[in-house]
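Inspection log for the structure reproduced underneath, given as structure tokens.
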Amino acid sequence: MGSTCVVGLQWGDEAKGKIVDLLCDQHDVVVRYQGGANAGHTVVHDGVTYKLSLVPTGILRPGIDCVIGNGVVVHPPALLREIETLTAQGVQIGQRLHISDRAHVILPYHLAEERLTEESASAADHLGTTRRGIGPCYRDKVGRVHGVRMADLYHPGPFRERLARIVDYKNRLLTAMLPDFVPIDAQAVGDEFLGYADRLGGFVRDTTTWLHQALDQGRRLLFEGAQGSLLDVDHGSYPYVTSSNSSAAGIASGSGVPTRRIDRWIGVVKAYTTRVGGGPFPTEQDNETGERIRRVGKEYGTVTGRPRRCGWFDAVAVGHAARISGSTELAVMLLDVLSGIPELKVAIAYELDGRRITALPAALADFQRCRPVYESFPGWTEDISAVRQWSDLPVQARNYVEFFGRRVGVPVRIVSVGPDRAQTILLRSP
Ligand code: IMP
């Protein structure tokens, strides 16, 4: 086997980190291709808990190289803090981290701009973002006039001149719009970011060329999607999405590696659905069932600590995500969380204005009115966290998983019944 992608098929937090960690043994390089410090992975490794945000999960494995691709937006102080914490936890980073010189930089005014849109937006327009400056930075990237890339930080003269112009523009806008805004000092920000650039210098390079050389040497790449396919800016529940292509569609643009170089396409789902932030969620259970899932599944955001919204598995939304992301196998996570729920439901269609539909509507006004059409299943009472063989799962659990795999149209190959590496059922060799 060669290269693999691991992509979430819901609204993020599908426990992709565990699958990436599990597959590290068969890969040489782990690549992040989009998003930024809005992502949060918790990986338990040899009894130690690591929290990763910008640095790919592969860093926990000696010998694995990790790439932060050109499609990622980098907040240098957040990245440096993460590197320091990992180093303090005994992780040897050495020469294994590679940051794209084309990755865009999140600057202090991006955080202020996000505060502006999130705090002054009327409740109806509030997106519920992670407030890490992700949207404003991508906006500047696509807008071009104000975008700053990692490579620019290594040309102090032109960088300072340009930063002065950008900051002047942003200060005028933000002072007018945010009553408590303290204007940004371009000189101080320049000093600060050139300082970060110095400290990150050993890691920054042309990662696209580096990745192609790695492929030519026969090295196997593992692409690690952040967020989930339903948060994809083009294919997700727009405008309640993140600002990048968080489905597998982002791999080619965000890393420079064409997708024909990828051999294995894994879509990761929870055995139910969660979402943080605003936006349509047809199968949401804002009731005792949702609370139970939240409590048992410890469904609180890794980055923001917000309680996650919880609900039933949505085979309509996951089917859409699996098509977009080209998934050929499913990894089903957190099945153990559903033990003890008497009746489980899977959405197989939506009803919109009396019509049955099985595709996601483009208009938010339509998506918000979709009512799920459910198929129901008897649950199981057994604790399944110690099960290691598919055949040892209660028949109700097997029926449930097999059913949604069929509805999504992608076979289930991995089932996870707990956070530990060992708590994994493989329906084919990893
Ligand atoms: P942003 O990415 O911070 O702009 O947030 C946009 C939306 O994506 C919000 O609903 C966030 O809660 C959601 N989001 C961003 N990153 C993640 C993630 O890693 N997991 C789950 N949701 C996320």
Side-chain angles (χ1 to χ4, degrees), residues 6-19 34-42 53 118 126-132 134-135 224-250 266-286 289-290 293-294 297-325 327 330-334 337-338 345-347 350 359-362 364 366-368 370 372 404 408 410:
V6 175
V7 174
L9 298 184
Q10 292 160 321
W11 280 288
D13 309 315
E14 297 92 350
K16 299 173 287 288
K18 172 171 167 175
I19 299 299
Q34 45 68 233
N38 50 349
H41 290 318
T42 306
S53 192
E118 285 295 280
H126 176 96
L127 295 176
T129 69
T130 60
R131 308 235 184 159
R132 296 297 187 272
I134 305 295
E224 177 181 24
Q227 293 86 47
S229 301
L230 299 175
L231 288 170
D232 186 288
V233 66
D234 282 286
H235 302 288
S237 51
Y238 192 88
Y240 290 94
V241 292
T242 192
S243 297
S244 62
N245 285 117
S246 51
S247 67
I266 303 178
V268 187
V269 293
K270 278 179 179 162
Y272 46 91
T273 312
T274 64
R275 142 159 239 184
V276 267
F281 180 176
T283 62
E284 181 168 16
Q285 296 301 298
D286 192 9
T289 304
I293 293 175
R294 185 177 310 118
K298 301 185 186 67
E299 294 293 357
Y300 294 88
T302 322
V303 174
T304 57
R306 290 177 289 178
R308 295 181 183 139
R309 299 158 64 194
C310 299
W312 298 124
F313 190 92
D314 185 341
V316 180
V318 173
H320 166 81
R323 288 189 289 278
I324 299 308
S325 282
S327 309
L330 290 186
V332 177
M333 315 304 287
L334 292 131
V337 172
L338 299 181
K345 294 184 182 179
V346 173
Y350 298 149
L360 298 198
L364 181 64
D366 286 335
F367 204 169
Q368 279 167 332
C370 284
F404 70 64
V408 169
V410 180

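Values reported hereafter were calculated over all heavy atoms of this structure, with side chains retained and with hydrogens, waters and symmetry mates removed. Fair warning: this is a prediction, and the values are worked out from it, not measured in the lab.
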Worksheet item: Hey, does Cys370 have a side-chain heavy atom less than 4.5 Å from the side chain of Asp366?
Response: no
Discussion item. Against Asn38, only a single residue in Arg131, Gln227, Arg132 fulfils side-chain hydrogen bond (donor to acceptor under 3.5 Å, both in side chains); can you say which?
Written reply: Gln227
Practice prompt. Heavy atoms only: give me the nearest Asp232-Ala249 pair and the separation to one decimal.
Written response: OD2-CB, 4.5 Å
Worksheet entry | Expected output: side-chain Thr304 to main-chain Thr130 donor-acceptor under 3.5 Å | no
Fill in: Min side-chain heavy-atom separation Lys16-Met333 under 4.5 Å
no
Discussion item. Applying salt bridge (Lys or Arg N to Asp or Glu O under 4.0 Å), can you list everything that pairs with Asp13, at least two apart in sequence or on another chain?
Written reply: Arg308
Discussion item. Side chains of Thr273 and Cys310, heavy atoms from C-beta outward: is any pair under 4.5 Å?
Written reply: no
Discussion item. Testing Leu9, Asp314, Leu360 one by one against His320 for a side chain to side chain contact (heavy atoms under 4.5 Å, CB included), which residue passes?
Written reply: Leu360
Worksheet item: Hey, what do you get for CG (Leu231) to OG (Ser244), rounding to the nearest 0.5 Å?
Response: 9.0 Å
Discussion item. Taking the ring of Trp11 and the ring of Phe281, is the distance between their centroids below 6.0 Å?
Written reply: yes
Fill in: Residue pair Val408 / Ala322: nearest heavy atoms and the distance that separates them
CG1-CB, 3.9 Å
Worksheet item: Any donor-acceptor pair under 3.5 Å linking the side chain of Gln10 with the backbone of Thr274?
Response: no
Worksheet item: Mind checking whether Ile266 and Ser327 have side chains closer than 4.5 Å, heavy atoms only?
Response: no
Worksheet item: Would a distance-only check, ignoring hydrogens and angles, find a side-chain to backbone donor-acceptor pair under 3.5 Å from Thr283 to Trp312?
Response: yes
Discussion item. Could you check whether any side-chain N or O of Arg275 sits under 3.5 Å from a backbone N or O of Gly278, counting only pairs where one atom can act as donor and the other as acceptor?
Written reply: yes
Worksheet item: Can you tell me how far the OG atom of Ser243 sits from the CD1 atom of Ile134, to the nearest 0.5 Å?
Response: 8.0 Å
Worksheet entry | Whether Arg309 side chain and Gly277 backbone form a donor-acceptor pair below 3.5 Å | yes
Item to complete: Check Leu364 against Pro239 and note the closest heavy-atom contact, atom names and distance.
Response: CD2-CD, 3.9 Å
Worksheet, complete the sentence: Those residues at least two apart in sequence (or on a different chain) that pass ring pair (Phe, Tyr, Trp, His ring centres under 6.0 Å) with Phe313 are Phe404
Worksheet entry | Closest contact, heavy atoms only, Tyr350 versus Pro372 | CD2-CA, 4.2 Å
Practice prompt. Check step by step if side-chain contact (heavy atoms from CB on, under 4.5 Å) holds for Leu127 and Glu118.
Written response: CA-CA 7 Å; Leu127 295 176; Glu118 285 295 280; 3.6 Å; yes
Worksheet item: Is there a donor-acceptor contact under 3.5 Å from the side chain of Ser53 to the main chain of Ala39?
Response: yes
Item to complete: For residues Thr242 and Val233, determine if any side-chain heavy atom of one lies less than 4.5 Å from a side-chain heavy atom of the other.
Response: no
Item to complete: Go through the structure and list residues passing ring pair (Phe, Tyr, Trp, His ring centres under 6.0 Å) with Tyr272, not counting sequence neighbours.
Response: none
Practice prompt. Indicate yes or no: does Glu299 engage Arg306 in a salt bridge with an N to O separation below 4.0 Å.
Written response: no
Worksheet entry | Enclosure of Asp234 CG (heavy-atom neighbours >12, cutoff 6.0 Å) | yes
Worksheet item: Where the side chain of Asn245 meets the backbone of Ser247, is there a donor-acceptor pair that is under 3.5 Å apart?
Response: no
Worksheet item: Which heavy-atom pair separates Val346 from Ala315 by the least distance, and what is that distance?
Response: CG1-CB, 3.9 Å
Worksheet item: In Å, rounded to the nearest 0.5 Å, how long is the span from CZ of Arg323 to OG of Ser229?
Response: 12.0 Å
Discussion item. Could you check whether Lys270 pairs with Glu14 (Lys NZ or Arg NE/NH1/NH2 to Asp/Glu carboxylate O, under 4.0 Å)?
Written reply: no
Discussion item. Minimum heavy-atom separation for Leu334 and Ala15, please, with both atom names.
Written reply: CD1-CB, 4.4 Å
